[in-house]
Visitor: 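Sharing a structure with you now.
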Amino acid sequence: MDPNQQQQQLHVVFLPFLAQGHMIPITDMARLFARHGVKSTIITTPLNAPLFSGKIDRDAQLGLQIRTHVVEFPAAEAGLPEGCENLSRANESFEMVVTFYKSMELLRRPVEELLQQWRPDCLVADFPFHWASESARKLDIPRLYFNATGSFAMCLCECLNRHQPHKRVESDSEPFLLPGLPHEIRVTRGRIPGEFRPEVNDDDPSVKELRDLMLESEVTSYGVVVNSFYELEPGYPEHYKHEMGRKAWFIGPLSLSNKDDMKHKAERGDSAAAIDRHESCLRWLDSKEPNSVIYICFGSIPIPFNADQLREIAAALETLLSRQISFIWVVKKEEWLPEGFEERITEGGKGLVIRGWAPQVLILDHGAIGGFVTHCGWNSTLEGVCAGVPMVTWPLQAEQFLNEKLVTDVLKIGVGVGAEEWSIQERKIIVGREEIQSAITRVMVGEEAEEMRSRARKLKEIAVMANEEGGSSYFDMELLVQELTDLRDKRNNDGCSKS
Ligand SMILES: O=c1ccn([C@@H]2O[C@H](COP(=O)(O)OP(=O)(O)O[C@H]3O[C@H](CO)[C@@H](O)[C@H](O)[C@H]3O)[C@@H](O)[C@H]2O)c(=O)[nH]1
């Protein structure tokens, strides 16, 4: 690139929260920006960089202007154990999670120093970096806010915040209407995100203060980039922009930016772990009939399911094997399974248990996968949509029950397993084997399954089209790059006329 061109090139800095559910989409976003001619820099910490730097380095070798920059993470100063640099390592207790969120404040100084030095044209920062809008303002550049979830959940949360309907019900199981939304959506207090639940907020005022700071930074940011596409959340992007008054660009699903590149797909989220096992996993899938395998995974943050609950899942899966429904089940490395279970199901390649990190996107995209049991994390939800598979929804916490509503009630591409309330702290059986079996059977076989699969496949096609030239996400991305360029030019002109 000649020096003149280099000077003209827009430089965007990305600051992802230190959790896979955030680093994965932001890495894809930075790569998308680079493909639209932008110079992208991702700031992260030493132990997180290797989780995605392989694909960034490969992109850079192909000539894209993209790089990772590492800053030290002061875990000890934050009151965290040494090496605790990722949310997945900090979920031993609620207090530790809160400490981890608060520790993002400690990245402020090093990040601001880098911004001063680099003087980029825009900062895209995740929601826990509530100070980022102020940091960007000091340089007179826009801060774009990223929340990592969709507009459906963001609109529902804003509705809870504005109208507080959850405060007018008698119990956690009494349904109430969320007013003023494009659809008639009813939820219960047991299913809403933690920040609206009194038992989470009342004990520690600093939690509420932190949440308010994050909310405020969404409003005071220049605008919001959303990992979604207009057609997926009918009416909600418009509601988010016009009723809630946010400037927003819908540029997803970002997972599609990996297109058909097997290596990128296999490496998503944990280069080393997934690359080791993706080939054997694909070989196993190749031996199965189309739509005959259910994939079960509860996201990147280890879920403390108790032994009884694991036993219920295992029993359901073993019974389903006799009905020609096979499975891939992702469990934590140390998770305890019923005696002899792994030996029995591994024999003859009946089922597959993956301990640790699975190459999820690669698995979902395989023709043998007929359904997905998901906790409804937004990335997994989008990846299910992009693979065109119906889902069994098993939300556990955060905004996952809201995402479930979109999948089951609005898009009608999934069925709920019957999880009724937050269950992350309570180590009890949430869902029994019969319910699990029944929900999986509903999405895998029969007329209802075919109808859901057909809707899911249409949605997949629309998702792909949204990302192609002329599609809605492509269009929004072009608009965003143009707006950032105009802002940069205006800044430069104002600077010239002042001097
Ligand atoms: O073995 C695994 C496990 C996960 N993943 C990937 O990890 C990501 C997980 O993201 P998500 O499905 O969103 O789940 P969480 O990691 O639980 O995400 C947190 O962050 C999301 C975005 O804000 C929220 O929607 C969730 O509620 C919150 O739990 C996805 O891209 C998966 O493909 C893998 O590739 N292999």
Side-chain angles (χ1 to χ4, degrees), residues 16-29 51-52 55 86-91 97 100-101 126-128 145-154 156-157 191-195 214 225-228 252-258 264-278 281 295-304 328-333 335 352-365 369 372-387 389 391 393-404 406-407 422 424:
F17 180 43
L18 308 179
Q20 258 96 334
H22 294 251
M23 290 189 298
I24 290 174
I26 288 203
T27 305
D28 285 339
M29 196 195 302
L51 299 179
F52 60 83
K55 53 168 49 178
N86 189 297
L87 185 62
S88 62
R89 301 276 306 268
N91 74 333
V97 171
F100 192 74
Y101 271 91
D126 228 314
F127 77 95
Y145 171 93
F146 181 64
N147 180 302
T149 196
S151 61
F152 182 81
M154 290 197 285
L156 267 54
C157 286
R191 295 177 172 180
I192 59 181
E195 56 263 35
M214 291 177 195
V225 266
V226 190
N227 183 13
S228 185
L254 293 164
S255 66
L256 285 181
S257 68
N258 294 286
H264 279 314
K265 279 188 195 172
E267 281 187 27
R268 252 176 136 243
D270 191 343
S271 311
I275 213 107
D276 273 356
R277 60 171 58 108
H278 86 269
C281 196
Y295 171 68
I296 303 134
C297 181
F298 294 93
S300 68
I301 300 163
I303 303 301
I328 295 184
W329 182 14
V330 186
V331 297
K332 280 188 291 171
K333 279 205 177 74
E335 227 155 35
L352 193 64
V353 171
I354 297 183
R355 289 188 174 270
W357 195 257
Q360 176 158 308
V361 172
L362 209 62
I363 293 174
L364 283 173
D365 282 354
I369 297 293
F372 179 17
V373 179
T374 173
H375 70 315
C376 301
W378 185 242
N379 297 288
S380 293
T381 305
L382 281 174
E383 289 158 13
V385 164
C386 292
V389 292
M391 298 179 234
T393 54
W394 188 332
L396 298 159
Q397 57 168 329
E399 90 304 8
Q400 295 157 9
F401 287 91
L402 309 181
N403 297 337
E404 173 184 51
L406 178 70
V407 171
W422 270 52
I424 209 69

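No hydrogens, no waters, no symmetry mates; every other heavy atom, side chains included, goes into these values. Start at 1 and go down the list; that is how both ligands and their atoms are numbered. Given the structure is predicted, the values throughout are model-derived calculations rather than measurements.
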Visitor: Taking only non-hydrogen atoms of Asn147, do any sit less than 4.0 angstrom from ligand 1?
Guide: yes
Visitor: So which protein heavy atom does atom 30 (C) of ligand 1 come closest to, and at what separation?
Guide: Glu383 OE2, 3.4 Å
Visitor: Are Ser88 and Pro302 packed together at the side-chain level, in the sense that at least one heavy-atom pair is separated by less than 4.5 angstrom?
Guide: yes
Visitor: Name the closest protein heavy atom to atom 23 (O) of ligand 1, giving the residue it belongs to and the distance to 0.1 Å.
Guide: Ala148 CB, 3.3 Å
Visitor: Which atoms of ligand 1 have any heavy atom of Ala398 under 4.0 Å away?
Guide: 27 (O)
Visitor: Which ligand 1 atoms does Trp378 reach within 4.0 Å, using its non-hydrogen atoms?
Guide: 13 (O), 24 (C), 25 (O)
Visitor: Decide whether Thr393 and Glu404 meet the rule of one side-chain donor and one side-chain acceptor closer than 3.5 Å.
Guide: yes
Visitor: How about Arg191: does its CZ atom have over 12 heavy atoms from other parts shown lying under 6.0 Å from it?
Guide: yes
Visitor: Take every heavy atom of His375, measure it against each atom of ligand 1, and state whether any distance is under 4.0 Å.
Guide: yes
Visitor: Could you identify the single nearest non-hydrogen protein atom to atom 8 (C) of ligand 1 and state the distance to 0.1 Å?
Guide: Ile24 CD1, 3.8 Å
Visitor: Counting from 1, what ligand 1 atoms have a heavy atom of Ser380 closer than 4.0 Å?
Guide: 11 (P), 12 (O)
Visitor: Are side-chain N/O atoms of Thr149 and Glu399 paired as donor and acceptor at under 3.5 Å?
Guide: yes
Visitor: Do Pro193 and Cys157 come close enough that some side-chain heavy atom pair is under 4.5 Å?
Guide: yes
Visitor: Which residue supplies the protein heavy atom nearest to atom 18 (O) of ligand 1, what is that atom called, and how far is it?
Guide: Gly21 CA, 4.1 Å
Visitor: Restricting to side chain to side chain contact (heavy atoms under 4.5 Å, CB included), what partner residues turn up for Ala398, sequence neighbours left out?
Guide: Gln400
Visitor: Closer than 3.5 angstrom, by distance alone: can the side chain of Asp126 be matched with the main-chain N or O of Pro128 as a donor-acceptor pair?
Guide: no
Visitor: Name the closest protein heavy atom to atom 20 (O) of ligand 1, giving the residue it belongs to and the distance to 0.1 Å.
Guide: His22 NE2, 3.8 Å
Visitor: Would you mind listing which atoms of ligand 1 come within a distance below 4.0 Å of any non-hydrogen atom of Ala358?
Guide: 1 (O), 2 (C), 34 (C), 35 (O), 36 (N)
Visitor: Among Phe401, Trp357, Phe298, which one puts a heavy atom closest to atom 4 (C) of ligand 1?
Guide: Trp357
Visitor: List the steps and the verdict of side-chain contact (heavy atoms from CB on, under 4.5 Å) for Ile354 and Cys281.
Guide: CA-CA 9 Å; Ile354 297 183; Cys281 196; 4.0 Å; yes
Visitor: Taking the non-hydrogen atoms of Gln20, is any one of them nearer than 4.0 angstrom to ligand 1?
Guide: no
Visitor: Could you check atom 25 (O) of ligand 1 against the protein and tell me its nearest heavy-atom contact, residue, atom and distance included?
Guide: Glu399 OE2, 2.5 Å
Visitor: Tell me the protein heavy atom at minimum distance from atom 13 (O) of ligand 1, and give that distance in Å.
Guide: Asn379 ND2, 2.9 Å
Visitor: Does the side-chain contact (heavy atoms from CB on, under 4.5 Å) test come out yes or no for Phe146 and Asn227, once each step is laid out?
Guide: CA-CA 8 Å; Phe146 181 64; Asn227 183 13; 4.1 Å; yes
Visitor: Pick, from Ala153, Ser88, Pro359, Ser300, the option with the minimum heavy-atom distance to atom 9 (C) of ligand 1.
Guide: Ser300
Visitor: Anything under 30° is parallel, anything over 60° is perpendicular, the rest tilted; go ahead and classify Phe17 against His22.
Guide: perpendicular
Visitor: For the backbone of Cys376 and the side chain of Asn403, can you confirm whether one donor and one acceptor N or O come within less than 3.5 Å of each other?
Guide: yes
Visitor: At what distance is the nearest protein heavy atom to atom 29 (O) of ligand 1, and which residue and atom is it?
Guide: Gln400 NE2, 3.1 Å
Visitor: Taking 4.0 Å as the limit for heavy-atom contacts, which would you say applies to Cys297 with ligand 1: side chain only, backbone only, both, or neither?
Guide: side chain
